[in-house]
Amino acid sequence: MEPKYFTQQLLKWHKANPRPMPWLGLTDPYKIWVSEIILQQTRVQQGWNYYLAFVETFPTIQSLAESSEDLVLKHWEGLGYYSRARNIHKAANQIMENHAGVFPEDYEEIISLPGIGPYTAAAIASFAFGQKRPVVDGNVLRIVSRYCHIDEDLSKVKGKKKILVFLTEAMSFTKDAAAFNQAIMNFGALQCIPSNPNCGICKMSKKCKALLNDQVSYLPRAKTKIKKKKRYFTYLDIVDLQGNRVINRRKEKDIWQGLYELILNETEKEWKPNLEKISGFLTENEIHWKGTLGLSNRLKTRRILSHQLINAEIITLRCDKIQYKGTKFQIANRLKGFAFPKLLELYLQTNL
DNA sequence: AATACGGGGGC
DNA sequence: GCCCCAGTATT
């Protein structure tokens, strides 16, 4: 392995291939933090507008801390991995409590914040504070496994260690840790891409061990693939003459925790209810109505998540007046302020 | 060490 | 369809 050559070529490539991004060149640790959380398992393009809107609504740690979790989730709506939103809100409060509202500089303190792991801590430490902490994300694993021809399971400690040893060595050849980290991730996103990289124009090709051994397409080693669990959701959207609806805040440790949804019946197999069964289900849940209950629409849809396959049906019901005295659900007239899973957001967009 | 956690884009 | 994305927390 030739770490010095790697660093030289990397930084040269970086200068020749600038990539505009809204948080580029910022030194405000708060904004860097926000951008890094948004970019966890998320493409730059997908997170771009979310970042702009987020820092406009929450320009400071304090403003974020003082917000409600619901509002933070509303800004995360559609982005996925909602624990990121809950955790950044929680962490903002911890910074107010434990650090007088000032983002900590110490790596150990940074990484102890909820939602911040090794990658994000290194990103903040280098971008905001200039510390020599190499970032290790998917790009970096791919690049280094190829350049050094490391054919190991990178989810294991042993494989990760080899990567980190190389990075630490490589980073020692520059004073600008931030530029190094920025460069290596851009290099992974634009040049050393997952499939069919154009090695013919790559500045590293002379010393890329995977290329020399014709192994680029086999590296990094494939992950064991995950099995998806099938779930069946039936959502009941009951709406009365005043436009009132019944919604629920998801509380369990499950997908979409903290987001809102309609009345849900989850079943082992597909539920094919008629109006009578629907009435029965509503009554069991203490939801009553005045006038006749009418079934106005049924929509079948499906969603693919990283670990689940959701088969859903959304049934629209009409009545004169909803009557609910329980505590599990809440009655809402305007749904604009609530964060919904994409599945429901798409439905509500056209049925609100 | 393995699994859960969203949603989207590229091929 | 399948892979993977500027990963982290929990089991």
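Just so we're on the same page: letters track the sequence lines, and every chain starts at 1. Quick caveat, the model's predicted, so the values are computed rather than measured.
Between A:Trp23 and C:dA6, a side-chain N or O to OP1/OP2 separation shorter than 4.0 Å is absent.
Rounded to an integer number of Å, the gap from CD of A:Gln40 to C1' of C:dC4 is 15 Å. Rounded to whole Å, atom P of C:dC5 lies 20 Å from atom CH2 of A:Trp48. Distance CG (A:Asp137) to C1' (C:dA6): 5 Å, rounded to an integer number of Å. One interatomic measurement links the two molecules: CG of A:Leu305 to P of B:dT3, which rounds to 18 Å at whole-angstrom precision. Computed from coordinates, the A:Leu73 CG to B:dG7 P distance equals 12 Å when rounded to whole Å.
Annotation: A:Lys4, atom NZ; neighbour count of heavy atoms from other residues, nucleotides and ligands within 6.0 Å does not exceed 12.
From A:Glu105, atom CD reaches atom CZ of A:Phe103 across 10.0 Å, with rounding to the nearest 0.5 Å.
Between A:Arg231 and A:Glu266 there is a salt bridge, since a side-chain N of the basic residue sits under 4.0 Å from a carboxylate O of the acidic one.
For the C1' atom pair drawn from B:dT3 and C:dA6, the interatomic distance equals 22 Å after rounding to whole Å. If you take atom P in B:dG6 and the same atom in C:dT11, they sit 15 Å apart, rounded to whole Å. Only the P atoms considered, C:dA9 is 24 Å distant from B:dG8, to the nearest whole Å.
Among A:Trp13, A:Phe180, A:Phe6, the single residue meeting the ring pair (Phe, Tyr, Trp, His ring centres under 6.0 Å) criterion with A:Phe187 is A:Trp13.
In terms of polar N and O atoms assigned as donor or acceptor, the side chain of A:Arg43 comes within less than 3.5 Å of the base of C:dC4 in a complementary pairing.
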How does DNA chain B read in dot-bracket, base by base from 5' to 3', with Watson-Crick or G-U pairs under 3.5 Å and | used when the partner is on another strand? |||||.|||||

Report the C-alpha separation of A:Tyr260 and A:Gln330 in whole Å, then their side-chain angles, then the decisive distance to 0.1 Å, and conclude whether the side-chain contact (heavy atoms from CB on, under 4.5 Å) test is met. CA-CA 10 Å; A:Tyr260 288 80; A:Gln330 45 185 298; 3.5 Å; yes

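Nearest-nucleotide mapping onto DNA chain C: of A:Lys253 and A:Asn139, the residue sitting toward the 5' end is A:Asn139.
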